[in-house]
Each structure stands twice: as structure tokens, then as C-alpha cells.
Amino acid sequence: MRSIDDLEVAGRRVLVRADLNVPLAVGGATPVITDDGRIRASVPTIATLAERGARVVVCAHLGRPKGAHYAERAAAGLSLGPVATRLGELLGRRVTFAPDVAGDTACDAARALADGDVAMVENLRFEPAETSKDDAERGALADRLAALAELYVGDGFGAVHRKHASVYDVPSRLPHAAGSLVLAEVGVLRRLTKSPDRPYVVVLGGAKPSDKLAVIGSLLDHADRVLIGGGMAYTFLKAQGHAVGNSLLQADQIPEVLRVLDEAARRGVEIVLPVDIVAATRFAADAEHEVVPATEIPADREGLDVGPRTRRLFAEKLADAKTVFWNGPVGVFEFPAFSAGTRDVADAISKVAGFTVVGGGDSAAAIRSFGMAPHAFSHISTGGGASLEFLEGRELPGLAALEEP
Ligand code: ADP
Ligand code: MG
């Protein structure tokens, strides 16, 4: 893959596909960015290009606006405007914002750029074609996006697993290179798949097992231990024959869970499940709750965090690790009463003397919400889905497109 150092950018318009998909608190007069980690991670590539005299046009998506047409989607309020403002503050440069994706105002903004200037176009997903399964539809949007610039830089790691117009189709239309974020992320993930130092411990949490079972399957090739918490743990407990009350359950995944457990046993990979659970009366920050054995979750309760014995067990299983990959909070960390498990996992990983990688938007947001320093970990990935698919060994469309000459 070429890097931006291989591109002659001075005086030329460069379209940068960034990942600026930040969490927003809507409801107030103006939406508030609650975690700007992905914007910060996108700064180095954009700043370097601008310093080298490029005319930078940034494109990115935000959320999942719904509707059949541009206007309907734009009405949903997911404008990238506030993100452009924040990017400008972090860059220390003015970022002009075009209120459309690849229409007249976007073209005008791109043409008005002087060397070293930065513009951003509106949320790519206001254009239904961005995510279309139809090659021709995506291609037509890619033509318009490509017309904004002379060069393309793919730096939106969190989106490289998507076969979307701005990720997959534009690079085939312009001379292209990978941004520094994408190169850094790929470097870290390669290290996890090529002879990691042992013991290699993986912690998996998050909401749904269906998102993560495939990766567990391929991690069995590499990992020594897999600790499972979060919403996905209950499908594992259920598969082992325990009642899980009202906890999150994906019953259709039980056969796959059993297959994974069987495969792990055959290969001598240790799977560590919660032994106690913080069980709540309902899914709410102020729900009544108590600690119960993981094998005895009452019928009218749902597990929202791992209990204190599990927190100690997970910390012990992490203590001697030389390599750690963590994806997914082990509890509903957004509610303070159910954040202790995730906080303790983060804390235990920060103490590991080895190579520690955190993947996943919510896991990274959890770390920041605990006020932990990012350098307590070797690497915090900006892409949850993308890093998981990479570890699964799948070909990622956005990376494949950047690899093409
Ligand atoms: P990441 O973004 O780090 O990959 P996921 O998106 O897979 O993580 O999952 C994050 C979500 O999982 C969080 O919003 C968290 O509240 C939720 N979660 C964790 N544990 C539970 C649980 N026991 N029940 C319901 N949701 C949970
Ligand atoms: Mg997530």
C-alpha cells in the first residue's frame, strides 16, 4: 500500500475519506460531540497533507440517516457541520463546510481551496448511493466524488470493511494512497495475527454474539485464553444450560456457541465465562440490582454487568498476558451502576506489561469516560467492526481498493 509520502500533493486537490463517525448527544439546541476520539485520530493525515500544500477535501459519514432520498436523510439532523467545526479547532485551521456531498456547493468549496486549505463535505450517507449494493449506483456517486479532487487518500479505518462508494469505488478512479491512521491500524492488527507474544489473552464483550462469534472462531488459532463478558455472555451461559432471566439472549446463536466451545476445548484454548452477574430489574441507570451467581440469574432480572468475583477472575487471567486484544464493554458501562466490570477490565489491561490493543468504538469511549490516559494501552483502534473483520482474516474492501496500483 502506498502512503501519503508517495503522493505529490502540493497544489493538488486531495479527497480524504476519514472516519469521523463520533457519538452525538442530540436533543439540545445544537448536537454535542460526546467523544471526539475519531476526529483526533484523523488529524495527523489531514494536517500533514495541508502542511505539504495540498488542497484537502474531507469526506466522512455520520450515523445511519434513514430515508429514500437525500432530502429525507438530511432532515434527520445528522449533519457533519459540528464535526467540521471541531476538526477546525483541533487542526488550528479553518475548515470550510459544504452543505452537500458532491453537488454544486461541494464542487464550489473544492475549487475555492488555496494550497493548505481544508474543506469538508456533508455526511456521505445523505446520499443513498453511498451504501448501495448496486455497483452502478455507487459508481455514479463515486464519479461525482472523484470529480472533487485529483488524488484520493483512504484514512477512514473504521469504514474500510464497507463496500461503500467513498471507500471502495473512489480509489479506483483516482491515484490513491493510505493515510497514516489506516497504516498504523493495519500494522497493529498484523502484529496480533503474526506470532503474538504469549500468553495472548482476548477479552470480548459488547451487545450481540452474532457480531463476534466469527472472530472468536478465528482467534482460536492464535489466542491462549478468551474472556467473555457483556451482553454476549448470556448466550454462552444459556448454551451451557443455565437460566439467564431477561438478559440479552440470541437463542439462534446457541448452536454456533456450542461449536465454538467445543473447538476451543479441542484446541486447548481456555474460554472464561462470568461466574457472577450484577442482575437488574430493568434496563435503566437507576434500576434496582443485586449480585447473583452466573448460574442462577432470577427469571425477572437481566444481567447488566459482571460481578466482583468475575472482575477478580478476569484480572487474574490478564495478569500474566504478553498480548491482549479487547473488544466490547463487559457491562452497560454507560450506566455508572453497571460500569465497574468494564472499568476493572480496562484497569487490568492497562497494567499488562506487553502489547495491548483495544478495538471498538464503545470500548474506546468507555476508556475515555473513565478518564484513563490513552497511552495506558499500546493501541486504541478507531474501528471495531473493521478490526474484528481483519482479525477474522476477511478481505476488507477498502484496504483491497487501496492495495490496487
Ligand atoms: P464496541 O463498540 O466496543 O465494539 P459493541 O458495540 O459490541 O462494542 O457493544 C457495546 C455495547 O454493549 C455498549 O453500549 C454496552 O452498553 C452494551 N452491553 C454491554 N454489556 C451489556 C449487557 N449485559 N446487556 C446489554 N448491553 C450490554
Ligand atoms: Mg459499538
Side-chain angles (χ1 to χ4, degrees), residues 19 21-25 34-35 37-38 62-64 157-159 161-162 185 189 202-216 219 227-238 242 244-250 253 273-274 276-285 287 289 291-292 294 297 301-307 310-311 314 324-346 349 356-370 372 377 379-392:
D19 173 18
N21 191 24
V22 288
L24 283 182
T34 53
D35 179 39
R38 281 180 163 160
L62 185 62
R64 291 172 188 247
F157 180 73
H161 59 315
R162 306 286 187 201
E185 297 269 13
L189 294 171
V202 173
V203 185
L204 288 177
K208 293 188 207 140
S210 56
D211 294 346
K212 318 234 164 147
L213 278 169
V215 76
I216 305 183
L219 284 169
L227 320 186
I228 293 175
M232 66 187 296
Y234 305 97
T235 304
F236 279 76
L237 291 168
K238 182 81 178 175
H242 308 299
V244 296
N246 294 326
S247 305
L248 208 73
L249 176 67
Q250 276 194 298
Q253 297 294 317
L273 291 174
D276 59 350
I277 295 294
V278 184
T281 48
R282 62 203 166 89
F283 188 91
H289 52 87
V291 175
V292 299
I297 301 174
R301 298 246 170 178
E302 61 182 299
L304 295 187
D305 196 8
V306 296
T310 305
R311 278 146 51 196
F314 281 9
V324 177
F325 176 71
W326 172 33
N327 172 278
V330 298
V332 184
F333 75 96
E334 296 92 338
F335 301 155
F338 307 104
S339 64
T342 303
R343 184 187 292 267
D344 282 6
V345 162
I349 295 173
T356 55
V357 179
V358 182
D362 292 293
S363 312
I367 286 170
R368 286 188 281 263
S369 79
F370 300 147
M372 297 179 74
F377 307 89
H379 181 76
I380 300 179
S381 174
T382 53
S387 56
L388 288 174
E389 289 197 18
F390 188 102
L391 294 178
E392 273 169 48

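When a ligand or atom number is given, it counts from 1 through the structure's own listing order. Positions are given from 1, in the same order as the sequence printed here.
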Original post:
So, S363 side chain and V358 main chain: donor-acceptor pair closer than 3.5 Å or not?
Top reply: no
Original post:
Where does E302 meet ligand 1, judged by heavy-atom distances below 4.0 Å: at the side chain, the backbone, both, or neither?
Top reply: neither
Original post:
What closest approach, in Å, do A287 and T281 show between heavy atoms, and which atom pair accounts for it?
Top reply: CB-OG1, 3.9 Å
Subject >> E389 side, atom CD; L189 side, atom CG - distance, nearest 0.5 Å >> reply: 12.0 Å
Subject >> Atom of D362 closest to the Mg ion (ligand 2), considering N, O or S atoms >> reply: OD2
Original post:
Taking the side chain from T356 and the backbone from I349, do they hold a donor-acceptor pair closer than 3.5 Å?
Top reply: no
**OP:** Considering heavy atoms of the protein only, find what lies nearest to atom 23 (N) of ligand 1 and give residue, atom and distance to 0.1 Å.
**Re:** G303 O, 3.0 Å
**OP:** Identify, for atom 6 (O) of ligand 1, the protein heavy atom at the shortest distance, and state residue, atom and that distance.
**Re:** D362 OD2, 2.9 Å
**OP:** Could you say whether the N/O atoms of D305 and ligand 1 ever approach to under 3.5 Å?
**Re:** no
Original post:
How far apart are the closest heavy atoms of V244 and L237, and which atoms are they?
Top reply: CG1-CB, 4.0 Å
Original post:
Taking the minimum heavy-atom distance to atom 25 (C) of ligand 1, which of V358, T342, V332 ranks first?
Top reply: V332
Subject >> Closest protein heavy atom (residue, atom, distance) for atom 8 (O) of ligand 1 >> reply: P329 CD, 3.5 Å
Original post:
What is the nearest protein non-hydrogen atom to atom 9 (O) of ligand 1, stated with its residue, atom name and distance?
Top reply: G206 CA, 3.2 Å
**OP:** Count the heavy atoms of every other residue, nucleotide or ligand shown that sit under 6.0 Å from CZ of R64, and state whether that count exceeds 12.
**Re:** no
Original post:
Relative to ligand 1, is N327 under 4.0 angstrom through side chain, backbone, both or neither, heavy atoms considered?
Top reply: side chain
Subject >> atom 19 (C) of ligand 1: the protein heavy-atom neighbour that sits closest, reported with distance to 0.1 Å >> reply: G331 O, 3.2 Å
Subject >> Heavy-atom pair with the smallest gap, counting every atom of N327 and G359 >> reply: ND2-O, 3.0 Å
Subject >> Least distance between heavy atoms, N21 atom then R38 atom >> reply: O-NH1, 3.0 Å
Original post:
What residue and heavy atom of the protein are closest to atom 21 (C) of ligand 1, and at what distance?
Top reply: G231 N, 3.3 Å
**OP:** Give a yes/no verdict on whether any heavy atom in F338 is under 4.0 Å from an atom of ligand 1.
**Re:** no
Original post:
What residue and atom, counting heavy atoms only, is the protein's closest point to atom 16 (O) of ligand 1, and at what distance?
Top reply: E334 OE1, 2.7 Å
**OP:** Apply the test side-chain contact (heavy atoms from CB on, under 4.5 Å) to residues D305 and V330: give CA-CA distance (whole Å), side-chain angles for both, the deciding distance (0.1 Å), then the verdict.
**Re:** CA-CA 6 Å; D305 196 8; V330 298; 4.3 Å; yes
Subject >> Contacting atoms of ligand 1, where contact means under 4.0 angstrom from a heavy atom of G328 >> reply: 3 (O), 8 (O)
Original post:
Hey, looking at atom 3 (O) of ligand 1, which of S363, S387, A207 has the closest heavy atom?
Top reply: S363
Subject >> Interfacing atoms of ligand 1 (cut-off 4.0 Å, heavy-atom, K212) >> reply: 4 (O), 5 (P), 7 (O), 8 (O)
Subject >> V332 and E302, any side-chain heavy atoms less than 4.5 Å apart >> reply: no
